[in-house]
Undergrad: 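Pasting in a structure now, in structure tokens, and then I'll have a few things to ask.
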Amino acid sequence: MKILVVEDETKTGTYLKQGLIEAGFVVDLTANGLDGLHLALTEAYDLAILDVMLPGIDGWQVLQGIRRAGKDMPVLFLTARDQVEDRVKGLELGADDYLVKPFAFSELLARVRTLLRRGGKAKESELLRASDLELDLLRRRVNRAGKRIDLTAKEFALLELLLRRQGEVLPRSLIASQVWDMNFDSDTNVIEVAIKRLRVKIDDGFEPKLIRTVRGMGYVLEVID
Ligand code: CA
């Protein structure tokens, strides 16, 4: 899942980016409102986090631009000002949530996850399933045949992507951009390594095997009896 952060305070921006990356997200950070809007309109994000006071154009204008372009990604505002007028203005413009600075990162992460569950894919279940494998988006847990499986943040993000697009062959380039925020480089085997580790965890000792390699194309998660 990809998140856009527009925040001009270097310290806050870096802290947010780092925390979100550690939580398994792919993050683009910019300090300028105009750059933020440009990114929001040209890249595919699952969510945007906007500061209000920004160089270029302010957070409100970024939000307006996003909504005018018909983009319905959830938008979370960060603001030092907690006046009622600000909240009302933001909600009228189509913001989905607010967080007043200073905030605890755990609080931000909880809001982000709630918005991602609510946003976009309407009435999405909190559970993703394939055969007897279950991924719980809310509790960040994975079970297979009732057995708890521990995954790293990246493995979780990778499995989430495979499950969301079940039955679809996902090219390495797509996996690279969605899970690692890198452009596919044929020299790197980071994806193969991660797939291998994920397979050991979710397929070893279980039937049917869920993750398949499609030679020369990519990977697919599907249930084949
Ligand atoms: Ca600011």
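These numbers come from a predicted model, not from an experiment. Each ligand, and each atom within it, is numbered from 1 in the order the structure gives.
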Undergrad: Does the shortest distance from the Ca ion (ligand 1) to an N/O/S atom of Glu7 fall below 3.0 Å?
TA: no

Undergrad: Should the pair Glu134-Arg141 be classified as a salt bridge under the 4.0 Å nitrogen-to-oxygen rule?
TA: no

Undergrad: Is a salt bridge present between Arg164 and Glu160, judged by a nitrogen-to-oxygen distance below 4.0 Å?
TA: yes

Undergrad: I'd like to know if Asp150 and Lys201 make a salt bridge, using a cut-off of under 4.0 Å between side-chain N and carboxylate O.
TA: no

Undergrad: Provide the atom name of the closest N, O or S atom of Asp51 relative to the Ca ion (ligand 1).
TA: OD2

Undergrad: OD1 (Asp8) to the Ca ion (ligand 1) to O (Met53): angle, nearest 10 degrees?
TA: 90°

Undergrad: Using 4.0 Å as the upper bound for N to carboxylate O, is an ion pair formed by Asp96 and Arg67?
TA: yes

